[in-house]
Structures are given as structure tokens and as C-alpha cells.
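Taking it in order: structure first as C-alpha cells, then the write-up.
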Amino acid sequence: MSFVEYSEFIQEGDVAIIFLGHDSMMPVKVQQGAQTQTRYGVIRHSKDLIGQRFGTKVTCSKGGWVYVLHPTPELWTLNLPHRTQILYTTDIANITMMLELKPGSVVCESGTGSGSLSHAILRTIAPTGHLHTVEFHQQRAEKAAEEFREHRVGHLVTVRNQDVCKEGFGVTGVADAVFLDIPSPWEAVKHAKNAMKRQGGRVCSFSPCIEQVQKTVEALADEGFQEISTLEVLLRVHDVRSITLPLPDFGSDQPLETPTDTPVPSNASVLCKTTTPPRDMAGHTGYLTFATKPSV
Amino acid sequence: MSFVEYSEFIQEGDVAIIFLGHDSMMPVKVQQGAQTQTRYGVIRHSKDLIGQRFGTKVTCSKGGWVYVLHPTPELWTLNLPHRTQILYTTDIANITMMLELKPGSVVCESGTGSGSLSHAILRTIAPTGHLHTVEFHQQRAEKAAEEFREHRVGHLVTVRNQDVCKEGFGVTGVADAVFLDIPSPWEAVKHAKNAMKRQGGRVCSFSPCIEQVQKTVEALADEGFQEISTLEVLLRVHDVRSITLPLPDFGSDQPLETPTDTPVPSNASVLCKTTTPPRDMAGHTGYLTFATKPSV
Amino acid sequence: MADNGDNDSQHRVNEGDYVVLKRGDIYKAVQIQKKKKTVFEKQWFFLDNAVGELYGTTFEVVTGGTLQPRKPKCIESSADAKEAGTDNRNILDDGKSQKLTRDDIETLKEQGLKGQEIVQQLIENSTTFRDKTEFAQEKYIKKKKKKYENSVMVLRPSCRVLAMMYHGREPGKICHLRYDTLAQMLTLGNIHAGSKVLVFETCAGLVLGAVMERMGGYGSVVQMYPGGGPVRAGMESFGFPSHFHDTLHEFPICHVNALLAGVLDTEAKDIDADSGQANGDKSNLTQTDSEKAESKECSPDTEDQCMETSTSTDPAADKEREEREKLREIRGQEKKVKMEEKRKKLAAAAAVLEGRNADGLVIASRFHPCPVLLGLIKFLAPSRPFVVYSQYKEPLIECYTKLREQGGAVSLRLTDSWIRHYQVLPNRTHPVLLMSGGGGYLLSGTTVATDTPKMGPNRGEEPAAKRLKLTETTEG
Amino acid sequence: MADNGDNDSQHRVNEGDYVVLKRGDIYKAVQIQKKKKTVFEKQWFFLDNAVGELYGTTFEVVTGGTLQPRKPKCIESSADAKEAGTDNRNILDDGKSQKLTRDDIETLKEQGLKGQEIVQQLIENSTTFRDKTEFAQEKYIKKKKKKYENSVMVLRPSCRVLAMMYHGREPGKICHLRYDTLAQMLTLGNIHAGSKVLVFETCAGLVLGAVMERMGGYGSVVQMYPGGGPVRAGMESFGFPSHFHDTLHEFPICHVNALLAGVLDTEAKDIDADSGQANGDKSNLTQTDSEKAESKECSPDTEDQCMETSTSTDPAADKEREEREKLREIRGQEKKVKMEEKRKKLAAAAAVLEGRNADGLVIASRFHPCPVLLGLIKFLAPSRPFVVYSQYKEPLIECYTKLREQGGAVSLRLTDSWIRHYQVLPNRTHPVLLMSGGGGYLLSGTTVATDTPKMGPNRGEEPAAKRLKLTETTEG
């Protein structure tokens with residue numbers, strides 16, 4: 001297993017995702033001799049996981065069973081330990097496309113945070129690209145680097161523990177794309193420009209507040225970025241449901257001769273397939289501002 | 001006919017809405033001897049309209065026919081002459097409810113504009129309420145006053161031609177609700193407060209830009225307004241459609257003995273009822289900011 | 001500031017008033033009764049001290065559940081903002097925590113989240129909080145929560161407040177009808193004073209109340225109700241003056257077909273025959289018919305009666321039997337009076353409906369909207385708006401299709417609306433992080449005459465296809 | 001600023017390159033060919049001068065259709081903003097016109113509106129313009145329009161650019177698949193280098209190209225295609241290096257069932273039998289079967305051939321007949337070669353599919369997604385993502401239901417996405433007034449093994465209900 005390559009069988013040291021049911025999952029680090037407690041009972045790694053095929057059913061000690069899934073950046077995003085607020089798949093998908101990421105892309109990112117986006121970037125730029133990710137917070141930076149190694153993508157990423165607004169990304173003229181998710185992205189725009197290839201590239205800034213967007217857009221324009229565009233994406237989930245709709249009983253429309261004439265029974269109803277939205281949904285994550293650095 | 005009372009039959013001087021087909025309507029002022037040209041031919045008011053029941057079919061000179069509808073504020077919004085950008089029904093509906101308008105409410109409004117919201121307000125506050133509407137632009141104010149008279153709601157409204165930011169609404173301590181749709185609503189917040197009843201009331205400001213909202217919210221808070229709340233409403237239209245979905249032909253799954261064994265015909269398809277969104281929709285009209293003036 | 005000498009009394013809380021309590025984003029409708037314990041958000045108090053105070057007053061709950069009016073502080077909200085703003089700047093420096101600030105949380109509260117849910121949001125969405133200022137943050141939140149928990153605002157009921165209350169507390173009771181959707185219905189239905197409006201709803205009476213508020217006691221409303229009796233709790237929470245109730249009629253839908261067919265006999269003495277009680281002079285078939293319909297669907301309050309009578313079982317048999325006898329007699333008497341009242345009501349409602357000239361139709365129910373609309377639209381005059389709510393889109397698609405086939409309506413439109421609230425604070429303006437997933441769907445349109453202009457009213461209808469030839473692809 | 005000595009050549013336009021022209025919000029994919037007239041937005045020019053220039057260069061179109069590179073002005077956009085800002089302040093004073101400013105219009109353009117549509121927007125939405133500054137406004141717009149019309153930017157093709165191009169110009173060709181929905185598909189499908197991905201699409205090859213871009217020439221892609229041959233125009237616009245094409249396989253879906261049943265014979269010489277041409281050694285039934293399927297659905301390029309042969313009609317009959325004879329012979333020869341190629345391709349694709357261990361499945365077509373998904377999901381290994389696009393929700397509801405019944409997939413989710421663009425300008429920040437009404441729907445999920453862990457692979461499947469017992473209400 002690695003986050004950039006599928007394997008068929010579960011091995012020692014892998015990350016596996018235990019699928020317990022609807023919206024209920026947990027990540028495990030597979031280790032000889034280790035055990036994982038689930039609500040369906042214990043999973044013994046040596047017997048139940050190692051050597052098994054990803055995607056198969058594993059019976060837990062209490063007789064319940066679960067599926068063991070191969071990790072993907074998307075499953076990781078749903079299961080990772082939150083060290084910070086994280087980016088979710090809907091935004092990540094748009095960031096990836098709008099930054100034009102692909103195998104071989106060199107990308108700069110700040111901050112690393114919990115690594116949700118980092119994993120998705122690494123998946124996309126492997127096997128020949130590289131991610132330079134900058135994290136202000138030392139512990140977070142260290143934890144991220146450790147995770148990348150464990151997830152067997154360490155060779156694709158350089159983690160730097162520094163203040164991007166003051167010190168930049170630590171590289172110059174190499175990036176095809178830069179991603180900013182920091183409180184004052186406008187202070188890092190110059191550094192983003194410096195990190196990028198002379199021939200140009202794409203930049204994205206993620207900010208929850210409109211005032212951050214306004215300042216960042218101004219900074220991008222001042223630095224000569226083009227195609228500046230701000231957008232917002234929301235995911236709508238549609239839960240599939242079967243519903244029963246009762247029919248109204250309007251009674252008979254004529255004086256009936258015999259009492260055996262049966263009107264529509266009052267409990268008549270029809271069944272219908274439909275979808276319902278969840279009661280609450282994410283109404284906002286952040287604004288995404290994209291721009292192109294022209295070649296000079 | 002009036003905009004606050006239904007009539008059964010069309011009379012001289014009425015406004016009627018000619019319904020020509022999907023999203024195609026035109027307003028007419030019914031006048032003895034007048035004619036109206038439509039794409040289905042001429043409508044002669046004396047013969048075709050006056051004395052007819054609202055909602056009936058009228059045959060035009062070319063043999064085509066149309067429906068003649070009783071005006072409502074909502075039909076008027078779709079058909080009125082645009083002297084300015086106007087408010088549409090989706091926003092109007094929320095403004096009306098959130099301002100807690102009802103028969104007897106006294107309302108201040110600025111600017112009058114094309115009168116789209118004014119008609120909806122008048123409909124709701126009749127027969128015992130009153131609308132004080134202030135319009136900066138003289139011609140527009142005059143035209144609005146004329147329209148209100150023609151629509152037989154003149155007794156419910158006072159139109160003032162003045163600058164609300166400088167001169168206020170021309171009334172003090174009488175309004176249950178105030179509505180602002182002006183470029184600098186924050187400059188009119190004090191006037192709004194003065195116009196309102198001592199016992200309190202509701203205020204709404206409509207602004208397209210977030211900067212206007214920010215300034216207005218600040219002004220409202222400074223003036224002691226409570227329950228300050230900003231929201232945005234969008235209408236989604238679902239066009240009902242019947243669609244045909246072809247079925248894929250995956251071929252036969254066994255070596256067939258005789259050529260008469262017919263596989264699924266490749267032109268198989270299923271019919272399905274669905275809805276489609278319009279290609280483009282209104283993505284923004286304006287932000288609605290509401291607040292409560294507490295009693296003092 | 002001018003005061004034109006308005007009498008304040010109508011703006012003050014009186015005993016017996018229906019009011020709405022508010023704390024943060026939580027609403028509760030109650031009636032003011034002296035010395036009655038009121039429970040609101042797990043806290044109890046007495047509303048006695050609210051009497052005589054102005055609507056909109058905020059009270060502190062002090063020891064013994066007594067309310068104590070709090071003077072409104074004019075600059076409270078802006079002070080709040082500033083205070084939070086200062087703290088927030090520090091959080092911004094921390095790298096990530098601007099994504100869920102205290103103000104966000106407050107706004108979440110405003111949006112209907114309970115304290116517990118907010119804490120969960122906190123944990124899930126912004127663990128930077130934990131990294132650095134966890135304790136301070138939680139303390140702050142607790143303080144804030146406490147602050148809210150100690151105060152309660154007394155509001156005059158209104159469609160806005162009650163619609164938000166139901167949507168926040170009991171959406172299942174109102175078919176998940178969101179307040180902005182209800183706002184659309186009232187506007188699209190052109191509900192206004194002096195008109196004659198039909199309402200069919202299973203939304204606890206909220207929609208009925210909303211319609212009545214907009215009519216202001218002018219005109220008439222007919223509540224078309226399914227089952228044993230009209231549901232009106234939501235409407236009663238509006239606390240309308242008594243003359244509003246004079247404009248309200250009720251009609252059981254199980255008589256709709258009979259009424260439309262002209263065979264409903266409202267003169268009969270025993271229109272309601274839910275019991276086996278004798279009523280010797282039944283003679284005509286119409287009555288039999290309506291009686292049958294009644295006994296099937298429209299049996300009023302039978303359950304309630306059952307509950308009343310099923311008390312006390314074995315002791316002191318004799319006296320009890322006597323009393324039971326007496327009771328039965330009284331009840332029989334009462335029943336007769338009730339039935340006569342009901343007959344009168346039915347007759348009155350039938351009279352309002354018979355002309356088939358209603359000005360508006362509002363439907364919002366858990367029933368399949370298609371037969372409901374197709375049945376009730378017949379009571380509308382031509383050129384009148386109707387609006388149908390359903391929690392689901394699919395039934396309204398069917399409704400749309402059938403109505404297009406049948407004709408008699410133009411400007412059909414199937415819509416839903418999307419609403420999002422904003423946090424507006426200096427340097428921290430953004431949409432509220434949580435929004436409602438959906439507010440239900442509306443089908444709206446305008447009736448037109450189905451007969452040709454110069455013909456009698458009973459001429460057969462043309463096929464829809466012909467009638468709709470002018471229109472493009474989707475509309476009539 | 002550092003420059004680490006990159007060779008520029010790969011960043012420069014070469015003859016034969018596939019490029020995308022851009023003007024405002026309008027995109028067009030073309031191939032650079034010298035001395036070839038290119039028509040773009042009703043204007044023609046030659047791309048000769050683009051050769052050798054850097055990608056991203058903006059050119060002025062000068063007399064004679066010659067392109068002239070324009071030096072990028074670093075502060076252009078902010079200068080624009082300031083200029084517009086100044087004017088806008090005057091409009092604000094006018095009472096209403098802030099609602100549709102010039103910047104709005106520009107943003108509308110950015111959003112895909114054509115000039116004509118924008119003018120209409122102007123007239124409809126902001127007649128204050130007319131009241132006061134109508135002439136100036138129109139003049140300004142014309143000037144602006146002109147400005148755009150005289151310049152053209154040459155971009156390197158990418159999924160972003162091509163997805164926006166198709167969505168803006170020809171949404172019908174890509175089943176109205178919106179760019180952000182395509183972005184979701186690529187991410188939810190975990191498309192990446194080194195994997196084996198199945199693509200079934202009728203989106204002009206755009207989805208295929210998007211998948212191939214994300215795979216970067218590593219791994220393999222099998223295009224499952226309906227009808228006569230795979231559609232690839234959209235993919236070709238990406239201008240992939242030739243080695244990318246080595247990783248691309250194609251497989252006609254009319255052989256899917258035969259392949260799954262293990263009866264597809266790819267050794268046969270005449271797997272393709274769309275004409276009556278003799279091929280004596282047909283003998284086995286499998287071949288006959290596949291031949292039948294072919295002749296029904298998989299006849300490649302017959303239309304193209306028809307178009308080629310239907311030229312010249314009557315004169316000089318003799319010589320023509322001779323030539324025709326000759327042509328037919330050549331064509332027969334060509335056909336044989338083509339068929340052999342096709343057979344090899346089919347065999348290669350079948351070999352890739354046979355292991356039923358594909359890593360991803362992406363479906364985006366005008367076909368009913370249900371049979372497509374249920375058929376093709378069988379080729380996936382367990383624990384692999386799949387994603388199905390449909391313009392409509394209802395077919396995906398069916399898809400969801402059937403898949404839940406059948407089992408073999410978890411984490412099923414039916415979604416759509418909502419995207420809105422913003423105008424960000426000093427004091428005039430707001431969402432763009434027009435937005436896309438919908439971007440289509442996605443059903444995504446992850447495969448799981450349908451057999452029990454210790455059993456052989458061909459054990460009968462358990463009923464879905466049992467397999468799904470752990471799950472709550474909607475998910476497996």
C-alpha cells in the first residue's frame with residue numbers, strides 16, 4: 001500500500017480503512033500482533049488483516065463484520081486526525097483541477113495543516129512531481145513529515161517548518177502551482193510568485209472570509225497575476241429514500257344506492273422513490289481565489 | 001380591479017395582463033375603443049375585454065387566442081416598465097414576512113424605483129395600513145404616484161420626492177417597518193429609526209454588495225437595533241421534462257446456436273420524467289439585512 | 001424623537017396573551033398565565049412579571065423563577081462584536097482558527113444550533129482551538145451560553161417568529177416547510193385582506209395562521225381538513241383577536257366530492273353520524289351518503305371521548321353506574337348541541353365554497369399533492385393563484401404533468417428556494433458555516449376559465465393539447 | 001528573481017501543437033498549422049506568429065490577420081479596476097445602478113456570456129444606465145468589447161481550460177457536464193499515475209482526456225465505447241505526447257457480455273464483419289456471435305467511408321469504373337490491415353480487462369447509467385472507487401437502488417455541486433449575477449469483495465439485505 005499506488009493485499013505497516021457502516025470508518029495502522037477494537041468486536045491484525053485482500057470482509061470477534069478498504073486521499077480526508085481545520089474533497093477536487101495539477105507538477109503549499117490536501121496533491125503529482133509544503137507550527141510539521149513517510153510518499157514531499165509570509169517556500173523558480181491556506185495570504189503572494197517557474201503557473205488561495213479574499217485579489221493584481229477568479233463550491237448530498245404519500249379521501253360524489261359501493265379506502269397511499277437533503281449541510285467552507293502567473 | 005381587491009369582470013380603466021404563453025405576457029390598460037397588438041393579432045378592448053371575466057380566453061383577430069389575467073403584484077413585477085433595477089418576487093416574499101407586514105402595517109420605503117416592491121407592500125397592508133415611499137428621482141416619483149392612482153391604491157400610499165439620506169422619510173414615529181434599497185443605506189439608518197414607532201418595529205436593507213452590508217450592519221448596531229441578521233435567497237426553477245435514455249448494448253453472453261436468438265435491440269431506451277435546471281439562473285440579487293428596533 | 005401619543009397598552013403583554021419566548025435562536029410559543037410554571041430550554045420560571053411590560057423586553061431569570069426586566073443596552077451587539085474582534089485577532093495569528101471563531105459559533109447559535117451541537121462543531125472543525133486556547137475558549141463559550149441561558153425575550157407572535165420556531169424545533173410537524181418557503185407561498189398565493197382563501201395543510205395550523213395573519217380579519221378562510229377535525233395549534237399561537245375567528249370556516253375533505261356533485265345536504269340534522277345514536281328521520285340518500293363518509297373519515301374527537309370515558313373500573317358499582325348513566329345523558333345532550341354546531345359550520349363553509357369563486361388556494365400537507373390540488377382547484381375562480389407545497393419534488397412533477405393534461409391553469413412553475421445566512425463582522429464576514437439542506441418544493445400557477453368565453457358554464461372542456469397550443473415546451 | 005536555467009523550449013508554441021485560444025471568457029481548441037486561416041469569434045487570423053512564443057502570450061490581431069505578441073502589462077487588471085471604480089462611484093450616486101456596473105458586465109463576460117447577452121442583461125437589469133448614462137455606457141462596453149475582440153491569448157491545453165471551453169461553447173456535446181463536476185469525478189475516482197482505469201463516456205472524449213492527463217502516461221486506460229468507434233476529439237485537443245497513446249486501449253461495449261462470460265475469441269481473424277466481404281474460414285460459434293454483435297453495433301467508420309465514396313457521378317464512365325475497381329481493391333486491402341489492427345487492439349484491451357482488477361471506473365454518458373454501471377463494475381478489483389455522472393438525478397436514484405440490492409459496493413453517495421463565481425472589486429464585491437443552473441449529478445462509491453473471505457471466488461452472493469445489515473438507513 002501507498003497513497004500513490006494500489007496494492008492487492010494488506011501488509012505490515014500499511015494504513016487500512018475499516019469501514020463499519022454508513023459514514024462510519026476508522027483508520028488503522030496494520031502491525032503484526034496488534035489489535036483494533038471496533039463496536040463489532042476486536043480485529044486481530046496478524047490473522048484478520050495481514051495477507052488479506054483489500055476490500056474483503058473481516059469478521060470481528062463479536063461476530064459482526066466490517067470491510068477493510070485500501071486508503072485513498074479521499075478516505076484519508078474523512079478519517080485523518082484533525083490537527084487543524086481541514087480541506088474537504090469538494091474543495092480539493094476544484095483546487096486540483098484549477099491548479100492544473102498532474103503527474104510531474106511541482107507544487108508549493110502552505111500551511112500543511114493536517115495534510116488533507118497534501119495527500120491529494122501527492123496522489124496527483126506522483127511519480128515524478130514534488131510537493132514543497134510549509135508549516136508554521138513545528139509539531140504539526142513534524143507530524144506531517146512522519147505521516148508522509150508512513151504513507152510511503154515521503155520521497156515526493158519536502159516539509160519545511162517556517163513562516164511562509166516572512167521566509168517564503170524555501171524554493172525559487174520551481175513551482176508549477178502554489179496553494180495558500182493561511183490567515184494572511186496577501187502577505188505570501190510575493191513569495192508565491194518567487195517560488196513559481198519563470199514560465200508561469202497557477203496559484204490558489206483558500207480563505208473563509210471575504211475580507212481576506214479582497215486583500216488577496218488586490219495583492220495578486222499588484223503582482224501582475226492574470227485570470228484572477230474567485231469562486232465558491234458547495235456539495236449537496238441527496239439521500240435516496242422511499243416515501244409513502246397518503247391519498248386524500250374526498251368521499252363519494254353521488255348518492256349511492258347500495259352500501260356495498262366502496263369508496264376509495266381512506267388509508268390509500270402511494271409509494272415513491274425520492275431523495276431528501278440532509279437537514280443541515282456545509283453552507284460555507286471558504287472562497288477559492290485562482291490566478292495565473294504569466295510567463296516573463 | 002385594483003391591486004388590493006379582486007374583481008370578477010374587466011372594466012374600463014383596469015390593468016389586465018395578457019398571457020400569451022410560457023413566460024410571455026404583456027400588461028394593458030383597458031380603454032374603451034383602444035386596441036392592443038399581439039403576435040396572435042389585435043385585441044379590441046371594447047369587444048374583447050370590457051365586460052369579460054378575468055381568466056377567460058380571448059380570441060385575437062388572427063384567430064390565435066390568449067388569456068386575460070387579473071393583475072396581482074407578482075404578475076406586475078413580471079410585466080412592469082423598468083425605470084430602475086427592480087426587486088423580484090423571491091426577495092419580496094422574504095422581505096414581506098421578515099418585516100412582519102400585514103393589514104394595517106405602516107411602512108416606509110426608499111427608493112420607490114419602479115414600484116415592484118411597493119405594489120406588494122400595498123397588497124399586504126391594505127385596507128388599513130399606509131405606505132410612505134420616498135424617491136430621490138423626480139420623474140420616477142411622479143410616475144410611481146400616477147401608477148398607484150391608476151392601480152386604485154393611491155389612497156394607501158404617500159409618495160415623497162426627496163433624498164432619504166438627508167431628509168428622511170417625512171414622517172416620525174409612525175412606521176412598523178422600514179425598507180431601504182439605496183446605495184448608502186447606512187446613511188439612512190438614523191432616519192429609519194426616527195420614522196419608526198416608539199414601541200419598535202422591523203427594518204430591512206437590500207444591497208447587492210457586501211461592503212454595503214458591512215457598513216449598514218455597523219450602523220444598525222450603533223443605533224441599537226437588535227436581532228441583526230443578513231441573508232440571501234435564491235430561487236431555483238425546475239423545468240419538468242420527459243427524457244429518453246438509451247440502454248447500452250453489451251452483446252450476448254453466450255455462444256448462440258441459432259441466429260434467430262435476438263439480443264437486446266441496440267436502440268432500446270427508457271423514458272423518464274425528470275426536471276432540469278435552466279442553463280443560467282440568477283446567482284445573486286442582493287443581500288437582505290434585517291433588524292429589530294427595540295421599544296424604548 | 002417624536003411620539004405621536006400612541007396608546008402603549010396594545011404593545012404591552014397582557015394576561016392570556018399568546019407570546020413567544022426567545023433565547024438566542026430558540027423560540028417557544030406559550031400563553032401568559034399567572035402563577036403557571038413555564039419550562040423553556042430546561043429552565044423553569046413564571047411569566048407573571050412579563051404582564052404589563054412592552055413586547056420585545058428581555059428578562060433575566062432570577063432565583064425562584066422570577067422574571068426581571070432588563071433595560072435594553074443600545075450598544076450591546078456592537079460591543080460584543082468588538083470584544084470578539086480583539087480576541088479573534090490573536091486566533092488569526094495562530095494559523096487556522098479564523099475558520100471557526102467565537103462569532104461563528106454565536107452565529108451558529110443564531111442559526112438554530114444547540115449548545116451541544118456547537119461544542120461538537122468546535123471540536124470537529126477547529127482543533128486549533130484545542131492546540132492553544134482550548135480552556136479559554138470553552139470557558140468563553142460556557143460564559144456566553146450561561147449569558148443566554150439566564151435571559152429570555154418575550155416577543156409578540158408573528159408568522160416570522162412562529163415559522164422559524166417550528167422549523168427549528170419541530171420541522172417534522174410542519175412537513176419540513178422552511179420559513180422562506182412559507183414566505184413564498186403567502187406571496188405567490190397573493191394572500192391579502194378581503195379575499196376568500198382555501199387552505200389545506202397538515203402543518204400543525206402554522207400555514208393556516210400565516211394566511212389568517214395576512215388577511216387581518218378581512219375576508220374569509222376555509223380550512224379544508226382531513227380526518228376527524230381541523231388541526232389549529234399553530235394558528236392559535238398567533239393569538240389573533242376573536243373577530244379573526246369569525247372569518248374562519250372549516251370543511252372536511254370527505255365531503256368535497258359530494259359538494260362538487262351538488263349532493264351535499266347540509267340541512268339534515270344529523271350530518272355527523274359517528275356513533276350509533278338514533279336519529280329517526282333520515283330519509284334521503286344524500287344524507288346516507290354523507291353519513292357514510294363521515295363515519296369513515298370525519299369522526300370528530302372519538303379518541304378524545306374514549307380517553308375521557310375509560311377511567312375508573314370496579315369499585316362501588318351502583319353509584320357509579322348511576323353517575324355513568326347521568327354522564328351519558330349529559331354527553332348525549334352535549335353531542336346533539338355539538339352536532340348542530342357542526343352542521344351549521346358545515347353549512348356555512350359549504351356556502352362559501354359553493355360558488356366555486358375562491359380567490360386563493362394554499363396546500364401544504366403530507367398527502368400526495370396531486371389529488372389534493374386537482375380536487376380543490378375546482379373551487380377557485382378563474383385568474384386566481386394557487387400554490388402547493390411538498391417536501392418532495394417527485395409528487396409535484398406528477399402534479400405538474402396532470403395539471404398540464406387537464407388544463408385550467410397557466411404559469412405553472414416548480415421551484416424551490418435556497419437561503420443562506422451571513423456572519424457580518426469586521427474582517428470576518430462570511431456565510432454561516434451551516435445551512436439548511438432544503439426547504440421543500442412549490443408548484444404555483446394561475447387558474448384560467450376552461451370554457452370558451454361565449455358559451456354556457458357547463459360546456460365540455462377542450463383537450464388540453466389544443467388549449468395549450470400557444471405555449472412552448474413546458475408551460476400552459 | 002532566480003531562474004534555475006530551465007529550457008524554455010517546452011514552454012514555447014511549436015508547429016503542430018494543440019493549443020487553446022482565449023478571448024475574455026471564450027475558448028477555442030485549435031492545432032497550430034502554418035498558413036492556415038483560423039476563425040475565432042467571427043474574426044480570422046493566422047497562427048503562424050504564435051510559433052516560438054511562450055504559452056500564455058497575448059497577441060493583437062493586426063491587419064491581414066497577422067498576430068503580434070503583446071508584452072504582458074503587469075498592472076493591467078488592477079488599473080482596470082481602478083478606472084472602473086472611479087466611474088462607478090458616480091453611478092452609485094445615481095441611486096440604483098450599482099446593481100449592474102461595468103465590472104459586473106466584465107465579470108458576466110468572464111462567466112461565459114456573449115456580448116449580445118450582456119447588452120440584453122444591461123437593458124433588462126439596469127435601466128438606470130439608460131436614464132442617465134446610456135450613451136456613455138454603451139460606448140464603454142463597445143470599447144471594452146473591441147478591446148477583447150482584437151486580442152487573443154494562446155494557452156496550453158489542460159483539463160481546466162478544455163472543460164470550461166466545452167461547458168461554455170457546447171454543453172450538449174458533453175452531456176452538460178460542468179467543469180467542477182468533472183473535477184469531482186477525477187478526485188472521487190482517485191485517478192492517478194500507474195493505475196488501470198476504465199472510462200465510458202459520450203462527452204466528446206473530454207472525460208477520457210481528463211483521465212489521461214491525470215495519469216500522465218503511466219498505467220493504462222481502457223475506453224469502453226458504444227457504437228461504431230471511440231470518440232476522441234476532446235482527448236486529442238489535450239495534445240498529449242505520443243507515448244500517452246500507448247497506454248490507451250479501446251473496447252467496444254457490445255463485447256462486454258462475451259468477455260465476462262469468457263466466450264470472446266480475440267484470436268479470430270475476422271472479428272469485425274461489418275461488410276459482406278468473404279472471409280472463408282469462419283467456423284466457430286463464438287466468432288459468429290461476436291460478428292453478429294459487431295455488424296449490429298460496432299461497424300467502424302462506415303459513415304466516413306460513405307462520405308468519401310459518394311463523390312463524382314456521371315461523366316466518362318469507363319475510366320471511372322476502372323478507377324473505382326482499383327479503389328475498391330485498395331480499400332479491401334486497407335480494410336484487411338485495419339481489421340487486423342482492430343483485432344489486435346481488441347485482444348490487448350481484452351487482456352487488460354480479463355483480470356477484472358481495474359483500479360477505477362469513470363462513467364459519463366447519455367446512456368442510462370444503471371445498466372452501464374452494473375455491467376462495468378464487474379471489471380473492478382475490490383476496494384476501488386467508481387464514479388458515475390448523469391445529467392439527471394432520477395436515473396442515478398435507480399442506479400443507487402439497484403446497486404444496494406446487488407451489493408458489492410459501499411460508501412454510495414449521490415451528490416451534485418453548486419458553484420458560484422464572485423466579482424471582487426473595492427466596494428463592489430458580490431457574487432456574479434448569473435450562475436449555472438446545474439452541473440449534473442454524481443453517484444460515487446467503493447467496490448468491495450462480494451464473496452466471503454475464506455471461500456472460493458465463485459461462491460454465490462449473499463442477499464444484499466444480509467450483507468448490509470451493519471449499515472444504517474441508506475448506505476452499504
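Letters A, B, ... mirror the listed sequences (proteins, then strands); counts begin at 1.
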Tell me every residue that passes ring-ring contact (aromatic ring centres under 6.0 Å, His included) with H238(A), counting only those two or more places apart in sequence or in another chain.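 Per chain and number, H238(A) pairs via ring-ring contact (aromatic ring centres under 6.0 Å, His included) with Y441(D).
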
Most chain D-contacting option - heavy-atom pairs closer than 4.5 Å, from [options]:
{"options": "K273(A), Q214(A), R202(A), M25(A)", "result": "R202(A)"}
{"options": "L75(A), I17(A), N94(A), T72(A)", "result": "N94(A)"}
{"options": "T230(A), T124(A), T292(A)", "result": "T230(A)"}
{"options": "L235(A), V68(A), T274(A), T289(A)", "result": "L235(A)"}
{"options": "T89(A), T275(A), L101(A), I210(A)", "result": "T275(A)"}

So which atom in S295(A) and which in Y55(D) form the shortest heavy-atom distance, rounded to 0.1 Å?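 The pair with the smallest heavy-atom distance is OG-O, 3.5 Å.
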
Considering non-hydrogen atoms only, spot the tightest contact between S383(D) and H70(A) and give its length.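 The answer is OG-N, 2.6 Å.
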
Can you tell if the side chain of [X] reaches within under 4.5 Å of the side chain of [Y], non-hydrogen atoms only?
{"X": "L186(D)", "Y": "M97(A)", "answer": "yes"}
{"X": "Y218(D)", "Y": "T128(A)", "answer": "yes"}
{"X": "P73(A)", "Y": "N190(D)", "answer": "yes"}
{"X": "R123(A)", "Y": "R214(D)", "answer": "no"}

So Y287(A) and Y422(D), would you call those rings parallel, tilted or perpendicular, with 30° and 60° as cut-offs?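 Y287(A) and Y422(D): perpendicular rings.
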
Check the pair H421(D) / F290(A) against ring-ring contact (aromatic ring centres under 6.0 Å, His included), numbers first and verdict last. CA-CA 11 Å; H421(D) 294 258; F290(A) 296 96; 9.3 Å; no

Give the intermediate values and the outcome of side chain to side chain contact (heavy atoms under 4.5 Å, CB included) for residues M98(A) and Y179(D). CA-CA 9 Å; M98(A) 292 295 177; Y179(D) 43 91; 3.6 Å; yes

Heavy-atom pairs under 4.5 Å with chain A, option from [options] with the top count:
{"options": "T57(D), T401(D), T447(D)", "answer": "T401(D)"}
{"options": "T415(D), D416(D), V424(D)", "answer": "D416(D)"}
{"options": "P382(D), A193(D), G56(D)", "answer": "P382(D)"}
{"options": "L54(D), I191(D), D359(D)", "answer": "D359(D)"}
{"options": "G217(D), A381(D), S158(D)", "answer": "S158(D)"}
{"options": "A210(D), G216(D), A183(D), A163(D)", "answer": "A183(D)"}

What part of [X] is in contact with chain A, defined as an atom under 4.5 angstrom from a non-hydrogen atom: side chain, backbone, both or neither?
{"X": "L182(D)", "value": "both"}
{"X": "M215(D)", "value": "backbone"}
{"X": "K196(D)", "value": "neither"}

Residues F3(A), H192(D); criterion side chain to side chain contact (heavy atoms under 4.5 Å, CB included); working and verdict: CA-CA 10 Å; F3(A) 273 70; H192(D) 65 278; over 6 Å; no

Which region of [X], side chain (C-beta onward) or backbone (N, CA, C, O), has a non-hydrogen atom less than 4.5 Å from a non-hydrogen atom of chain D, or is it both or neither?
{"X": "A120(A)", "value": "neither"}
{"X": "T77(A)", "value": "neither"}
{"X": "E232(A)", "value": "both"}
{"X": "V217(A)", "value": "side chain"}

Pair K102(A) + E213(D), salt bridge at N-O below 4.0 Å: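 Answer for the salt bridge query: no.
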
Do the side chains of K22(D) and E227(A) get close enough for a salt bridge, i.e. N-O under 4.0 angstrom?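 Between E227(A) and K22(D) there is a salt bridge, with a charged N closer than 4.0 Å to a carboxylate O.
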
Do V240(A) and L414(D) pass the side chain to side chain contact (heavy atoms under 4.5 Å, CB included) test, and can you show the C-alpha distance, the side-chain angles, and the key distance before you say yes or no? CA-CA 8 Å; V240(A) 177; L414(D) 178 49; 4.0 Å; yes

Sequence neighbours excluded, which residues qualify as salt bridge (charged side-chain N to carboxylate O under 4.0 Å, His left out) partners of D48(A)?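 For D48(A) there are no salt bridge (charged side-chain N to carboxylate O under 4.0 Å, His left out) partners, ignoring immediate neighbours.
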
E53(D) atom CD, neighbour heavy-atom count above 12 within 6.0 Å: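 Check passes, neighbour count above 12.
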
Within this structure, what is the OG-OH distance for the pair S195(D) and Y6(A), rounded to the nearest 0.5 Å?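 So the OG of S195(D) and the OH of Y6(A) are separated by 6.5 Å.
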
Measure the spacing between OG of S229(A) and CG of D25(D) and express it to the nearest 0.5 Å.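 Going from OG on S229(A) over to CG on D25(D), the span is 11.5 Å.
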
Give a yes-or-no answer on whether the side chains of E74(A) and T187(D) include a donor-acceptor pair shorter than 3.5 Å.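 T187(D) and E74(A) do not have a side-chain donor-acceptor pair below 3.5 Å.
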
If only atom types and distance count, is the side chain of Q184(D) paired as donor or acceptor with the main-chain N or O of A93(A) below 3.5 Å?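 No, Q184(D) side chain to A93(A) backbone: no donor-acceptor pair under 3.5 Å.
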
Which is it for T446(D) and L69(A) under the side chain to side chain contact (heavy atoms under 4.5 Å, CB included) test, yes or no, and what are the steps along the way? CA-CA 9 Å; T446(D) 300; L69(A) 302 182; 4.2 Å; yes

